Amino acid sequence: MKVLVIGPGGREHAIVRSLLADPNVSEVHAAPGNAGISKLVPTHAVDASDPDAVAALASRLTVDLVVVGPEAPLAAGVSDAVRAAGIPVFGPSMAAAQLEASKAFAKEVMAEAGVPTAMAKVAGNAEEAADALDTFGAPYVVKDDGLAAGKGVVVTNNRDEALAHAQSCFDAGGTVVIEEFLDGPEVSVFVLCDGRDTVALSPAQDFKRIFDNDEGPNTGGMGAYTPLDWAPEGLVQEVIDRVAQPTVNQMAHRGTPFVGVLFVGLALTSRGTRVIEFNVRFGDPETQAVLARLKTPLGGLLMAAAKGELDKVQPLRWSKESAVAVVVAAENYPGSPRTGDRIRGLKKVEAIEGVHVIHAGTKLDAEGKVVSAGGRVLAVVALGTDLVEARERAYDGVELVQLEGGQFRTDIGGKAARGEIKVTTPGAAPATTKAKA
Ligand code: AMP
Ligand code: GLY
């Protein structure tokens, strides 16, 4: 099987790496890729969000499958163009990608499908925004309705700040979704969908804020770990039964079947499991950790989803180890990041047992040296017999990365490793983490 992976980031590097480990995958190409991806497979300088260009490349390379990584190409209709060229594609159509591209649309589908989520109001002007904020009270949650690379959400106790964020979205010609605040730990579950059937991957936890202890502004994600020893038993089944399958059924019923990965962002609140958001692609950096543990060959799995054959897939096989991904970001991220700096030490990082480096915002300079080229520069991914060991290895690796101004969180997976995460979800037995020495 020949596969083309679309996208430039860490998620795509992790996907390429896993595809190369699939014995049935003979060749992988990527577009546009990054410095890490280009060391593994041929890369092609194509605009990932240009549907015709991507379809033409896929046809020219005579690939058997196209995997679309990021949300922007999906929202731009890249999957539709590839499908129209007669090539199987893992990734939803432009219409189905609205589940991520419009938070208001996602809320509408969730309501139709009876999916538990935060109560929400759509606001188009300052008066409506103020009204919605006062309906739900503090803490205030204000979301840009459109795609914002994980940075369009403001959660604050300050009403003026909430109003100002809403106003900035209105000024840019958009609308906002204002919703009730959800308490409790957050979980990311990736559900493979073939338009009809669903297969869930092992849950992960992401760290959205830039600084330790969940302080500072939201980012695309600063680290992740998996599996979640503390999650209530039955969580994955609940996500399938109450969230993913009803959503997939509703999308099929609407005539816009969902093919690809439905990324269910959940809060395990004191009142039950609630959907915080849908995304229509793998999470970044959760994918880096999740795929590190997946033993079932990835190519066959994604092809089955693309072809409507997930019902034929055997139960997924997972490593018993824990995986941690720690992101190293550029100075000033999530503001406009400093770029163009040399990155050194990566060979030493990869010499640590169980550790590999996944590139995100990197490129090769004129001399062929790896330099930073984006906000999230790379992730150090480590496997270990438990979360404690995986964290140790990941942070040993991070300490060896040399990047001027580089920043990372020191607490990825820390609370879980110390047994400090508590869930009080009604219906599920209260669970706490078991600290592993
Ligand atoms: P989203 O882009 O919708 O995933 O939101 C980004 C982040 O904002 C989430 O991962 C949460 O940490 C936070 N967030 C979003 N919606 C809510 C909510 N209703 N209550 C509490 N936190 C939220
Ligand atoms: N890490 C969260 C996301 O990919 O949106």
Side-chain angles (χ1 to χ4, degrees), residues 7 9-12 14-15 69-72 74-75 97 99-107 110 116-121 132-133 135-157 162 165 169 176-190 201 203-211 213-226 261-291 325-327 329 334 358 360 375-376 379 409 412:
R11 163 185 45 219
E12 290 76 30
I15 291 171
E71 59 274 22
L74 295 166
L99 277 181
E100 174 167 358
S102 166
K103 291 189 186 283
F105 175 81
K107 285 286 181 191
M110 283 190 249
T117 184
M119 287 185 295
K121 288 187 167 194
L133 291 174
T135 303
F136 299 125
Y140 303 105
V141 180
V142 182
K143 303 185 173 188
D144 189 342
D145 183 44
L147 290 180
K151 296 182 256 174
V153 178
V154 166
V155 181
T156 175
N157 280 309
H165 180 56
C169 298
V176 296
V177 172
I178 291 177
E179 55 183 51
E180 66 170 324
F181 178 79
L182 300 174
D183 63 344
E186 288 180 36
V187 173
S188 303
V189 184
F190 304 148
L201 305 190
Q205 192 168 44
D206 178 27
F207 293 75
K208 289 250 166 59
R209 305 277 186 148
I210 184 72
F211 301 129
N213 301 315
D214 298 327
E215 284 172 12
N218 269 323
T219 69
M222 291 298 291
Y225 69 93
T226 182
V261 57
L262 181 66
F263 166 159
V264 181
L266 296 165
L268 309 189
T269 79
S270 48
R271 288 184 294 136
T273 304
R274 298 280 187 279
V275 174
I276 289 192
E277 63 163 346
F278 281 150
N279 295 310
V280 299
R281 35 86 194 166
F282 285 108
D284 190 329
E286 294 97 315
T287 301
Q288 287 82 319
V290 170
L291 292 186
V326 179
V327 169
I358 293 286
R376 291 186 294 170
R409 280 182 62 157
I412 305 302

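Predicted model, so just to flag it, every value in this text is computed and none were measured. First listed ligand is number 1; within each ligand, the first listed atom is number 1.
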Item to check | Residue part near ligand 2, for Glu286, under 4.0 Å between non-hydrogen atoms | outcome: side chain
Checklist outcome for this item: Nearest non-hydrogen contact to atom 7 (C) of ligand 1 from the set Asp183, Val275, Thr219, Asn218 belongs to Asn218
Checklist entry - Out of Arg274, Lys103, Lys208, who gets a non-hydrogen atom closest to atom 2 (O) of ligand 1? => result Lys103
Checklist entry - Is there a side chain to side chain contact (heavy atoms under 4.5 Å, CB included) between Phe136 and Ile178 once you walk through the steps? => result CA-CA 8 Å; Phe136 299 125; Ile178 291 177; 4.1 Å; yes
Checklist entry - Heavy-atom distance to atom 9 (C) of ligand 1: which of Arg209, Met119, Glu186 wins? => result Glu186
Item to check | Candidates Thr226, Val264, Asp206, Leu268 - the one meeting side-chain contact (heavy atoms from CB on, under 4.5 Å) with Val187 | outcome: Leu268
Checklist entry - Of the backbone atoms (N, CA, C, O) and the side-chain heavy atoms from C-beta on, which set of Arg376 has a member under 4.0 Å from an atom of ligand 2: side chain, backbone, both, or neither? => result neither
Next on the checklist: Counting only heavy atoms, tell me which of Lys143, Glu100, Glu179 gets closest to atom 3 (O) of ligand 1.
Outcome noted: Lys143
Next on the checklist: As an exercise, identify every atom of ligand 2 less than 4.0 angstrom from a heavy atom of Asp206.
Outcome noted: 1 (N), 2 (C)
Checklist outcome for this item: Sorted by chain and residue number, the side-chain contact (heavy atoms from CB on, under 4.5 Å) partners of Ala118 (sequence neighbours excluded) come out as Lys107, Glu179, Glu180, Leu182
Item to check | Parallel, tilted or perpendicular: rings of Phe190 and Phe282 (30°, 60°) | outcome: perpendicular
Checklist entry - Which atoms of ligand 2 have any heavy atom of Gly283 under 4.0 Å away? => result 4 (O)
Checklist outcome for this item: Note: ligand 2 atoms sitting under 4.0 Å from heavy atoms of Asn279 are 5 (O)
Checklist entry - Do side-chain atoms of Asp145 reach the backbone of Ala104 as a donor and acceptor pair under 3.5 angstrom? => result yes
Checklist entry - Who gets closest to atom 22 (N) of ligand 1 by heavy atom: Asp214, Asn279, Val155? => result Val155
Checklist entry - Any N/O of Asp284 closer than 3.5 Å to an N/O of ligand 2? => result yes
Next on the checklist: Do Met222 and Ile210 make a side-chain contact, defined as non-hydrogen atoms from C-beta onward lying under 4.5 Å apart?
Outcome noted: yes
Next on the checklist: With heavy-atom distances below 4.0 Å as the criterion, list the atoms of ligand 1 near Val141.
Outcome noted: 16 (N), 17 (C), 18 (C), 19 (N), 20 (N)
Checklist outcome for this item: Note: heavy atom closest to atom 20 (N) of ligand 1, options Thr117, Leu182, Ile178, belongs to Leu182
Checklist entry - Got Arg209 and Pro217 here, is their nearest side-chain heavy-atom distance under 4.5 Å? => result no
Item to check | Distance-only N or O hit between ligand 2 and Gly220, under 3.5 Å | outcome: yes
Checklist entry - Which atoms from ligand 1 have a heavy atom of Phe181 less than 4.0 Å away? => result 20 (N), 21 (C)
Item to check | side-chain contact (heavy atoms from CB on, under 4.5 Å) partners of Ala162, counting only residues at least two apart | outcome: Leu133, Tyr140, Val142, Thr156
Checklist outcome for this item: Going by the 4.0 angstrom heavy-atom rule, the piece of Val153 near ligand 1 is side chain
Checklist entry - Atom CG of Leu266 and atom OG of Ser188: how far apart are they, to the nearest 0.5 Å? => result 8.0 Å
Next on the checklist: Any atom of ligand 1 sitting under 4.0 Å from a heavy atom of Glu180?
Outcome noted: yes
Checklist entry - Heavy-atom contacts under 4.0 Å between Asp206 and ligand 1: side chain, backbone, both, or neither? => result neither
Checklist entry - Within the distance-only criterion (no hydrogens, no angle test), does the side chain of Glu12 pair as donor or acceptor with the backbone N or O of Gly9 below 3.5 angstrom? => result yes
Checklist entry - Can we say Asp214 and Arg409 salt-bridge, meaning some charged N sits less than 4.0 Å from an Asp/Glu carboxylate O? => result yes
Next on the checklist: Looking at Glu71 and Arg281, is any side-chain nitrogen of the basic one under 4.0 Å from a carboxylate oxygen of the acidic one?
Outcome noted: yes
Next on the checklist: Which of the numbered atoms in ligand 2 are under 4.0 angstrom from any heavy atom belonging to Arg281?
Outcome noted: 3 (C), 4 (O), 5 (O)
